[in-house]
Amino acid sequence: MVKTYRHESLLGFFKGMSFPIVSIAVVNSVLFGVYSNTLLALTATSHQQRRAQPPSYMHIFVAGCTSGFLQAYCLAPFDLIKVRLQNQTEPRAKPGSPQPRYRGPVHCAASIFQEEGPRGLFRGAWALTLRDTPTVGIYFITYECLCRQSTPEGQNPSSATVLVAGGFAGITSWVAATPLDVIKARMQMAGLKQRAYQGVLDCIVSSARQEGLGVFFRGLTINSARAFPVNAVTFLSYEYLLRLWG
Ligand SMILES: CN(C)C(=N)NCCC[C@H](N)C(=O)O
């Protein structure tokens with residue numbers, strides 16, 4: 001954080017943000033939409049009825065994994081652009097300093113498309129899918145379990161319960177996701193400077209060989225620290241919007 005601030009000023013912390021702001025709305029719509037509609041298909045109960053007839057944890061896990069799998073493909077191109085922009089560490093445009101490779105998210109998308117074709121925008125998508133499918137299942141199971149434990153039978157959880165359950169759902173799922181999150185980011189950065197990997201397994205094995213097993217927990221603290229507030233607010237918005245419109 002100190003180096004980023006010194007080297008790139010406060011703006012360095014908001015690198016690559018314009019795209020996730022736009023994309024996270026689309027990705028969350030797919031994430032929560034697929035989750036809720038898969039649960040509807042599995043249990044024939046709508047969001048409102050679920051308090052009275054709570055779905056089984058197996059159904060919640062299956063619905064969560066289904067939504068994790070489908071949202072990963074929507075997320076992949078946006079996530080690639082975010083990672084490429086965040087990993088540009090050249091200082092802000094100073095005369096004489098090397099210019100960053102990408103001028104912004106649109107230029108980044110166009111450059112990847114030109115240099116690597118449309119498939120280039122899905123670099124790391126397989127690692128992202130492996131990361132998100134099981135962990136989004138864990139995400140929703142943790143949320144539903146914590147909500148049920150703190151809410152009387154058949155009632156809606158309070159705002160405080162939703163915030164705490166959502167926050168811990170975020171932390172739990174990101175602890176499980178961090179190892180593949182590290183691999184995903186390496187796959188996305190590969191082919192830029194260092195050699196591209198032969199696949200996810202090659203990336204896992206060579207990363208472990210060169211840097212030891214600790215490499216899979218790089219960024220765990222920061223992932224968990226941000227996951228609590230982000231997902232607390234996400235679930236509160238989800239619950240209230242559905243009650244408003246449900
Ligand atoms: C561990 N993973 C991948 C998840 N829990 N994904 C579900 C939503 C994550 C949320 N948009 C966030 O940025 O934390």
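Whatever order the structure lists ligands and atoms in, that order sets their numbers, starting from 1.
- Between Asp132 and ligand 1, no pair of N/O atoms sits closer than 3.5 Å.
- Evaluated by nearest non-hydrogen atom to atom 9 (C) of ligand 1, the leading choice among Ile138, Asp181, Leu31, Asn231 is Asn231.
- Between Tyr5 and Phe13, the ring-plane angle classifies as parallel under the 30° and 60° cut-offs.
- For Tyr197 and Arg186, the side-chain atoms include no donor-acceptor pair closer than 3.5 Å.
- At least one N or O atom of Ser173 sits closer than 3.5 Å to an N or O atom of ligand 1.
- With hydrogens left out, the protein atom closest to atom 12 (C) of ligand 1 is Arg226 NH2, 3.3 Å, a heavy atom.
- The shell of residues lying under 4.0 angstrom from ligand 1, judged by heavy atoms, excludes Gln71.
- Side-chain contact check for Thr178 versus Phe216: every heavy-atom pair is 4.5 Å or farther apart.
- Of all protein heavy atoms, the one lying nearest to atom 6 (N) of ligand 1 is Val136 CG2, 3.7 Å.
- Salt bridge annotation for Arg50-Glu144: absent, with no cationic side-chain nitrogen under 4.0 angstrom from a carboxylate oxygen.
- Using a 4.0 Å cut-off between charged side-chain N and carboxylate O, Arg51 and Glu239 make a salt bridge.
- For atom 14 (O) of ligand 1, the nearest non-hydrogen atom of the protein is Trp174 NE1, 2.8 Å.
- A salt bridge links Arg101 with Glu115; the closest basic N to acidic carboxylate O contact falls under 4.0 Å.
- Counting atoms of ligand 1 from 1 in the listed order, those under 4.0 Å from a heavy atom of Ala177 are 1 (C).
- Between Phe32 and Phe235, the ring planes are perpendicular. Angles over 60° get that label, and only those under 30° would be called parallel.
- Contact atoms of ligand 1 toward Thr135: 1 (C), 2 (N), 3 (C) (distance under 4.0 Å to a heavy atom of the residue).
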